[in-house]
2 protein chains.
Amino acid sequence: MGMDERKFRILQAIIDDYILTAVPVGSRTISKKYDMGLSSATIRNEMSDLEELGYLDQPHVSAGRIPSAKAYRLYVDQLLQLGTIRSDSEEAVRAFFGGRVRQMEEVIDRAAQVLSSLTHYTAVVLSPSGPKLHIRNIQLVSTSPETALVVIVTDGGVVRDSVVRVPAGIDPDTLYDISRSLTEAVAGCTLEEACERMPILIARMGENAAVLQSVNSLMGEARDAGPQSHVSVGGASNMLAYPEYSDTEKARNFLSLLETRDRLASIVAQQGEMAFTVRIGPETGVPEMSECSIVTATYSTRTGRQGTIGVIGPTRMQYSRVLSILGTMGEQLSEIFGSGGSPTERK
Amino acid sequence: MGMDERKFRILQAIIDDYILTAVPVGSRTISKKYDMGLSSATIRNEMSDLEELGYLDQPHVSAGRIPSAKAYRLYVDQLLQLGTIRSDSEEAVRAFFGGRVRQMEEVIDRAAQVLSSLTHYTAVVLSPSGPKLHIRNIQLVSTSPETALVVIVTDGGVVRDSVVRVPAGIDPDTLYDISRSLTEAVAGCTLEEACERMPILIARMGENAAVLQSVNSLMGEARDAGPQSHVSVGGASNMLAYPEYSDTEKARNFLSLLETRDRLASIVAQQGEMAFTVRIGPETGVPEMSECSIVTATYSTRTGRQGTIGVIGPTRMQYSRVLSILGTMGEQLSEIFGSGGSPTERK
DNA sequence: GTTAGCACTCTCGGTCGTTGAGTGCTAACC
DNA sequence: GGTTAGCACTCAACGACCGAGAGTGCTAAC
């Protein structure tokens with residue numbers, strides 16, 4: 001017993017219907033709503049076969065069938081292969097980004113909002129992270145008589161800015177001089193290398209060593225923090241609208257997972273080179289998400305760093321719609337971050 | 001029929017019990033669990049009076065009573081008057097802030113997390129906002145051959161940093177010179193005044209006018225953005241644990257309110273001079289929150305700007321606990337932001 | 001003023017048919 | 001041999017019903 005053309009068409013119809021209604025679908029429904037020119041009895045036989053093949057599950061004897069994870073997998077593989085992702089949502093995405101936005105974090109937050117409101121699922125956007133960063137510039141900016149702002153610029157944008165104490169009443173020009181020699185000393189280094197060199201510089205500096213000391217500890221933090229990425233979530237409440245989450249306990253677990261950003265980031269972060277990733281149910285590897293699917297795409301910045309955008313929804317997600325929207329959103333973000341001198345990348 | 005001492009004690013007992021159990025409390029429960037030396041019948045009579053006075057509600061005839069908003073109001077007024085807020089949570093709060101944190105937003109996010117996990121309710125933290133900002137320093141930092149980072153420092157900290165295009169290959173020292181003359185020209189001004197002066201400066205500048213133009217539009221944005229505060233929410237999922245929100249529809253409305261940050265901020269933002277604000281049920285003025293209470297406190301920064309921290313929970317909230325925790329958290333934040341040269345304020 | 005007693009009310013949780021959707025199987029049909 | 005009509009069977013969902021229990025209000029006695 002193989003998987004012939006007809007079985008596939010029936011399976012497709014079942015998935016489509018279930019995605020729409022979230023109700024187990026019976027043989028009569030298929031034969032009536034989707035005119036296949038077959039009676040319910042025939043469909044029934046085929047469905048029985050499909051169940052045996054592992055594509056359908058049956059909640060109980062006298063309910064209809066629901067698609068299994070395996071079925072969804074087949075479905076999206078088909079979708080991805082065909083490359084049939086129409087970008088009918090392009091304009092909607094564009095419209096949302098209407099106003100110029102500047103700050104990296106604003107863009108990320110916005111993207112999460114847009115994604116969730118277009119898909120009606122929960123969206124997660126990760127800020128770009130990438131290979132080791134090389135220092136390009138270090139600058140001290142006076143903020144008050146006793147404090148200064150340290151800005152470390154790398155080829156990935158601004159990595160770290162923070163306030164440090166400086167000797168009271170220090171001259172802004174002196175700060176600039178320190179910045180210059182500092183920049184000369186460590187430009188082109190990675191953060192690691194720079195941290196190693198700092199002790200030598202500090203020793204050589206003399207009177208303003210204290211300032212460098214502060215800068216040093218800051219660089220240490222930046223190095224240890226690693227690819228410390230910003231995570232933005234949108235439309236968490238959307239999930240509650242689906243019957244899958246009418247059980248409060250489940251909803252709670254899901255939401256609290258969304259709140260532990262570190263864990264969430266590591267779950268969503270997409271590995272590999274593919275344009276899209278689809279993980280269905282158990283494939284997510286997260287117990288709390290065994291009834292969810294995660295679809296992700298990537299975008300990239302002009303400096304070659306990569307970010308991830310993702311949508312989390314019930315396994316009966318509207319995959320083709322979501323893939324399409326993620327596609328345009330990815331392009332859009334790449335465009336925004338790619339164009340010469342726009343948003344600040346930070347952290 | 002007045003509100004005598006005994007009635008008050010009984011009301012207190014009812015409130016305490018209901019806060020704990022969320023179940024309508026009956027006369028027998030009170031006479032047994034809280035030994036008042038009175039029989040259930042007497043309690044019953046008093047309860048009947050309390051209901052007439054508007055302090056108790058009755059879901060239906062043969063259920064116990066639940067406290068009304070008016071009762072909670074009396075209760076917390078008592079609490080606030082007595083000033084009996086013990087800071088037994090001080091150490092817990094301190095412990096959570098163990099590691100030094102630097103960035104303003106990190107502190108805010110952290111505070112929201114800590115608040116929610118200590119109270120088991122939902123926490124909202126608003127970044128400080130305050131009176132008009134005066135410019136202290138403007139600096140251009142080279143980030144790539146064609147781009148530079150603009151940092152505008154005000155007496156409230158760093159307000160705005162963003163990347164602008166600059167003529168290709170411009171010398172870092174030239175950038176510094178521009179920064180210097182710019183700073184000289186507008187230091188001490190408010191953002192509004194600075195925006196007005198810019199056209200003159202641009203005209204005078206000559207060859208690098210384009211750079212100033214970019215800075216100008218950036219200042220315009222900063223001015224228009226206003227007190228654009230950062231809002232951080234923690235423990236949104238906590239609310240789902242309470243029977244009040246076992247209805248998914250309610251939970252959804254609540255969560256989606258939390259997601260519209262602008263609206264949320266305007267709801268939570270505390271007006272007035274008081275140390276604490278407690279709004280109970282309908283007092284919140286938000287339909288979605290007619291079954292919630294909002295408790296807020298303030299903290300302040302060294303520059304005199306004020307931020308708000310708040311906890312949102314069911315009306316049967318553990319007010320005294322929450323007030324205590326909010327109190328210590330407020331002090332703690334004031335300390336962190338007050339101490340000389342710590343976290344960057346931004347936005 | 002307090003308390004015991006009692007009738008009354010109303011929710012909650014369980015049981016029990018009934019209903020209807022859906023299946024699987026068999027036998028007839030093309 | 002595949003397709004279809006028919007039929008018996010299963011089982012969740014729904015509503016009605018009922019008893020238990022919690023709680024009240026009222027009255028009368030202390």
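All of these numbers come straight from a predicted model, not from anything done at the bench. Order of the sequence lines sets the chain letters (A, B, ...), proteins ahead of strands, with each chain counted from 1.
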Exercise. Looking at A/L257 and A/L264, what are the two nearest heavy atoms and their distance?
Worked result: O-CB, 4.1 Å
For this session: Answer yes if the side chains of A/Y75 and A/D16 hold a donor-acceptor pair under 3.5 Å, and no otherwise.
Result: yes
Exercise. Between D/dT4, C/dG24, D/dT24, which nucleotide gets closest to the side-chain atoms of B/Q58?
Worked result: D/dT24
Exercise. Mind checking what makes salt bridge (Lys or Arg N to Asp or Glu O under 4.0 Å) contact with A/E259, not counting sequence neighbours?
Worked result: none
Exercise. In whole angstrom, what separates A/I43's CD1 from D/dA5's C1'?
Worked result: 15 Å
Exercise. Rounded to whole angstroms, how far apart are CE on B/M47 and P on D/dC26?
Worked result: 15 Å
Exercise. Starting at the 5' end of DNA chain C, which residue's closest nucleotide do you reach first, A/R65 or B/S40?
Worked result: B/S40
Can you check nucleotides 11-19 of chain D for protein contacts, nitrogen or oxygen pairs under 3.5 Å, and list what you find?
from: D/dC11; atom 1: O2; to: A/S62; atom 2: OG; distance (Å): 3.2

Problem set entry | Partner nucleotide, any strand, of C/dC8 [Watson-Crick/G-U, under 3.5 Å] | D/dG23
Exercise. In whole angstrom, what separates B/D49's CG from C/dT2's C1'?
Worked result: 14 Å
For this session: Heavy atoms only: give me the nearest A/T308-A/A269 pair and the separation to one decimal.
Result: OG1-CA, 4.2 Å
Exercise. Does anything in residues 17-35 of chain B reach DNA chain C, meaning a heavy atom under 4.0 Å, and if so which residues?
Worked result: none
Problem set entry | Atom-pair distance (CZ on A/R44; P on D/dA5), nearest Å | 10 Å
Exercise. In terms of side-chain geometry, is the basic nitrogen of B/K70 or B/E283 positioned less than 4.0 Å from the acidic oxygen of its partner?
Worked result: no
Problem set entry | Any A/S39 side-chain nitrogen or oxygen under 4.0 Å from OP1 or OP2 of D/dT4 | yes
Exercise. Looking only at heavy atoms, which two atoms of A/I312 and A/Y121 are closest? And how far apart?
Worked result: O-CB, 3.3 Å
Exercise. So, are A/K33 and A/D17 salt-bridged, with charged N and O less than 4.0 Å apart?
Worked result: yes
Exercise. Separation of B/N45 atom CG from D/dG23 atom P, in whole Å?
Worked result: 17 Å
For this session: Using whole Å, report how far CG of B/L38 lies from P of C/dA4.
Result: 11 Å
Problem set entry | Assigned partner base of C/dT18, Watson-Crick or wobble definition, under 3.5 Å | D/dA13
Exercise. Which one is paired to D/dC30, where only Watson-Crick or G-U wobble pairs with both distances under 3.5 angstrom count?
Worked result: C/dG1
For this session: Measure the distance from CD on A/E51 to C1' on C/dT23 and round it to the nearest whole Å.
Result: 10 Å
Problem set entry | Taking every non-hydrogen atom, the tightest pair across B/C292 and B/F254 | SG-CE1, 4.1 Å
Exercise. Do B/R263 and B/E288 sit within salt-bridge range, that is, some charged N less than 4.0 Å from a carboxylate O?
Worked result: yes
Seminar exercise, completed: From CD1 of A/I66 across to C1' of C/dG22 the rounded distance in Å is 15 Å
